[in-house]
2 protein chains.
Amino acid sequence: MTTIRDVAQLAGVSTATVSHVLNDTRVVSDDLRGRVVAAMVKLNYRPNAVARSLRVSETLTIGLIVPDVELPFFARYARDIEMAASEVGYNVILCNSNWALANELRYLDHLLARRVDGLICISVSMTPEHIAPILRRNAPVVWLEEGRIGHNADAIILDNQRGAYDAASHLIERGHRRIGCITGPTVAQLTGDRISGFQHALCDAGLTHDERLTRVGAYDAESGYRLAGELLDLDEPPTALFAFNDIMAIGALRAAHERGLRVGRHLGIIGFDGIGLTAHASPPLSTIEQPTRAMSEAAIAVLLERVNGQHRGESRTLRFQARLVARESTLGA
Amino acid sequence: MTTIRDVAQLAGVSTATVSHVLNDTRVVSDDLRGRVVAAMVKLNYRPNAVARSLRVSETLTIGLIVPDVELPFFARYARDIEMAASEVGYNVILCNSNWALANELRYLDHLLARRVDGLICISVSMTPEHIAPILRRNAPVVWLEEGRIGHNADAIILDNQRGAYDAASHLIERGHRRIGCITGPTVAQLTGDRISGFQHALCDAGLTHDERLTRVGAYDAESGYRLAGELLDLDEPPTALFAFNDIMAIGALRAAHERGLRVGRHLGIIGFDGIGLTAHASPPLSTIEQPTRAMSEAAIAVLLERVNGQHRGESRTLRFQARLVARESTLGA
DNA sequence: GCATTGCGGTTAAACGATTACTTACCTCGG
DNA sequence: CCGAGGTAAGTAATCGTTTAACCGCAATGC
């Protein structure tokens with residue numbers, strides 16, 4: 001593999017000059033610059049980023065830990081984060097934790113060894129203590145989606161309470177009085193916030209929530225399907241369902257279809273997240289759309305501000321607003 | 001940041017000994033080993049993978065280039081590849097090309113600079129010439145999904161012809177005679193193979209394909225929706241649709257629903273790929289399931305065989321068989 | 001005419017690991 | 001007693017960059 005030394009030799013200059021030509025870090029006479037460039041193309045030289053990283057202790061790499069990139073919502077984040085990162089010259093190491101803390105810790109160790117410049121985490125099980133070793137090594141961390149109490153790192157989160165409030169209000173506005181709710185596991189903070197927002201909306205509308213209409217889902221299609229079925233089979237079934245993510249809402253759609261219910265007229269369904277498929281569900285699914293693109297860009301921006309030392313000290317939390325996207329699944333009776 | 005030298009100093013040994021303790025590459029007396037380990041925990045030492053990579057010229061990193069990881073099918077591959085890689089101690093750099101050759105080339109350059117040990121590509125636009133520089137640097141490449149004519153690298157592909165044949169045969173077996181076909185862009189080789197398999201099945205069943213029943217889609221939900229609509233609005237509409245991927249099939253489901261067609265009875269629909277959501281579509285969608293897990297593991301295995309020099313010389317192509325998963329969307333009339 | 005300043009270049013020391021080579025010591029057979 | 005061989009350690013070169021320090025030399029200022 002050809003090195004900077006080979007180039008220097010062929011061009012008849014020192015390695016320092018080659019390096020300066022490479023990085024535009026000092027004026028080099030046109031003569032030498034020309035010879036260096038010529039030598040580089042002739043030898044088909046590609047700088048070794050590993051060596052550079054060792055020298056400048058900066059890898060231009062960030063780690064991304066997600067629970068399961070196969071799920072559309074996380075897949076979207078993976079794409080958005082990767083694009084935002086690559087736009088500013090960073091590469092992304094993808095880490096799929098499979099929802100397991102043990103895997104997350106293993107990845108933390110790897111990423112630490114790899115000397116990533118920073119780390120973005122979507123996780124429900126990691127705590128501030130777990131990332132403390134990372135921070136101690138001066139690699140900033142950004143929590144995405146799920147903030148942390150007493151967090152020692154920046155966080156990019158959604159206003160889940162408001163989002164859920166809007167979802168419920170939308171259903172109420174469409175004339176629904178009995179609203180079923182398929183939540184997620186309550187270990188996640190964001191689940192609690194959504195529950196709170198949901199109940200708040202009912203309360204503000206003068207409705208009282210029937211506890212029998214709440215089910216705890218697992219953020220997957222199967223539980224959405226099963227729990228929606230349970231709710232629809234009640235003696236007094238709800239006229240609308242609010243699923244805490246789109247995947248469960250899609251499962252709910254299926255439960256409704258199987259019962260011959262016309263979604264949108266007989267039954268309102270709204271999801272959460274705003275994944276691409278909602279637009280082409282049958283019928284198109286109303287949802288609370290998260291601005292993942294903006295949130296990803298914010299995550300990268302916040303991270304790099306730390307990396308570049310532009311921001312030190314107390315950790316910040318940026319809260320984004322979701323947007324109601326009303327589609328046929330909540331047309332109203 | 002604490003280095004191997006700090007550990008050596010605290011333990012009162014040479015860096016060589018620390019390294020050997022670290023890697024179990026030479027016998028070290030229990031006495032010294034104990035002191036070294038103690039020093040490592042006391043200093044909270046983490047080896048620097050960057051320095052190691054420079055020295056041994058091996059990064060334990062592979063690159064993964066995909067067109068768009070937000071699409072469920074690629075997301076699944078991202079997960080499967082990442083898991084297979086991490087199981088053998090490799091990290092994955094995710095590269096989202098956004099279907100653009102220019103981006104792919106940019107990534108190739110980055111990955112080359114990063115000295116990844118190998119590269120897995122899902123791409124329709126890259127050619128053997130594009131990856132030649134990578135191969136020249138001794139980093140093996142594996143084509144995934146889409147093989148290449150005159151390829152200079154190993155390929156893991158599906159038997160698309162057989163898969164499409166099975167899909168069409170399944171519809172025929174369910175009593176369908178007029179079958180609409182929503183293909184993908186014909187730049188992709190796999191599209192051609194699927195078309196061929198589809199026609200072969202019709203032929204074997206003694207049917208002739210009505211060319212008016214073929215539409216060229218873009219592998220996204222919108223085109224599936226639109227083109228299925230066109231087909232269903234024909235004077236002599238097909239009684240079944242074969243979409244070349246599940247996303248388009250889901251779009252087709254919507255078109256059918258809008259027209260009040262009962263999918264499974266009035267209209268058969270089958271997709272391709274076997275993404276998770278097919279199981280919970282309304283109704284559950286029949287599909288041709290790709291063994292992405294096995295293919296991912298094969299991709300990693302083949303790649304590492306090259307990395308470790310266990311296989312040299314001519315490039316291999318591994319062809320996998322898809323599996324028909326019959327669900328309600330093709331119940332039959 | 002002499003000190004100062006810029007300019008354009010080189011030299012060589014890092015960065016943090018791995019590892020070929022060397023060394024010191026011990027044992028054992030002849 | 002001596003040399004061969006084995007064991008357990010250390011020394012220092014090396015990987016491919018970046019960059020602080022240095023060095024001539026010409027121009028500039030006074």
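Chain identifiers are assigned alphabetically (A, B, ...) following the order of the sequence lines, protein sequences preceding nucleic acid strands; residue numbering begins at 1 within each chain.
- In this model, the phosphate group of dT17(D) is not approached by any side-chain N or O of Thr15(A) to a distance below 4.0 Å at OP1 or OP2.
- Leu64(B) contributes atom CG, which lies 9.5 Å from atom CD of Glu82(B) (distance to the nearest 0.5 angstrom).
- Residue contacts for Thr25(A): at a heavy-atom cut-off of 4.0 Å it reaches no nucleic acid atom on any strand shown.
- Counted by atom type alone, His20(B) and Thr17(B) present zero donor-acceptor pairs between their side chains at under 3.5 Å.
- Between Val56(B) and Gly12(B), the one whose closest nucleotide on DNA chain D sits nearer the 5' end is Gly12(B).
- Between the side chain of Asp117(A) and the main chain of Ile62(A), no donor-acceptor pair closer than 3.5 Å is present.
- No hydrogens or angles considered: nothing links the side chains of Ser53(B) and Glu58(B) as a donor-acceptor pair under 3.5 Å.
- Nearest to the side-chain atoms of Arg52(A) among the listed nucleotides dT18(D), dG16(D), dG8(C) stands dT18(D).
- To the nearest angstrom, P of dT19(C) lies 10 Å from CD of Glu58(B).
- Atom CD1 in Ile4(A) sits roughly 13 Å away from atom C1' in dT10(C) (whole-Å rounding).
- Between the NE2 atom of His20(A) and the C1' atom of dT17(D) there is a distance of 12 Å, rounded to whole Å.
- Looking at heavy-atom distances under 4.0 Å, Ser29(B) makes contact with sugar-phosphate atoms alone, never a base.
- In this structure, Ser14(A) does not reach the dG9(C) phosphate: none of its side-chain N or O atoms is under 4.0 Å from OP1 or OP2.
- With values rounded to the nearest 0.5 angstrom, Arg79(B) atom CZ is found 9.0 Å from Ser296(B) atom OG.
- Checked against dT10(C), dT18(D), dC21(C), the side chain of Arg26(B) finds its nearest nucleotide in dC21(C).
- Among the atoms of the strands shown, none is found under 4.0 Å from any heavy atom of Val50(B).
- Remark: C1' of dT18(D) and CG of Leu60(A) are 14 Å apart, rounded to the nearest angstrom.
- Among the protein residues, Ser57(B) comes within range of no part of the nucleic acid, since none of its heavy atoms lies under 4.0 Å from any strand.
- Side-chain N/O atoms of Asn48(A) include none lying less than 4.0 angstrom from OP1 or OP2 on dC15(D).
- In this structure, Arg33(B) atom CZ and dT7(D) atom C1' are separated by 15 Å, rounded to whole Å.
- Look at CZ on Arg46(A): it is 12 Å from P on dT17(D), rounded to the nearest Å.
- For Thr3(B) and dG16(C), the shortest distance from a side-chain N or O to OP1 or OP2 is not below 4.0 Å.
- Taking only side-chain atoms of Ala16(B), from C-beta outward, the nucleotide of dT18(D), dA17(C), dT19(C) with the closest atom is dT19(C).
- Computed from coordinates, the Arg5(A) CZ to dC15(D) P distance equals 7 Å when rounded to whole Å.
- Counting only heavy atoms from C-beta on, Leu54(A) has its side chain closest to dC15(C) among dG10(D), dA17(C), dC15(C).
- Looking at heavy-atom distances under 4.0 Å, Ser53(A) makes no contact with the nucleic acid at all.
- Minimum atom distance to the side chain of Arg55(B) is reached by dG16(C), of the listed dT11(D), dG16(D), dG16(C).
- The pair Asp24(A)-Arg33(A) meets the salt-bridge criterion, with a side-chain N (NZ, NE, NH1 or NH2) lying under 4.0 Å from an Asp/Glu carboxylate O.
- Per the geometry, CG belonging to Leu32(B) stands 11 Å off C1' belonging to dG10(D), to the nearest Å.
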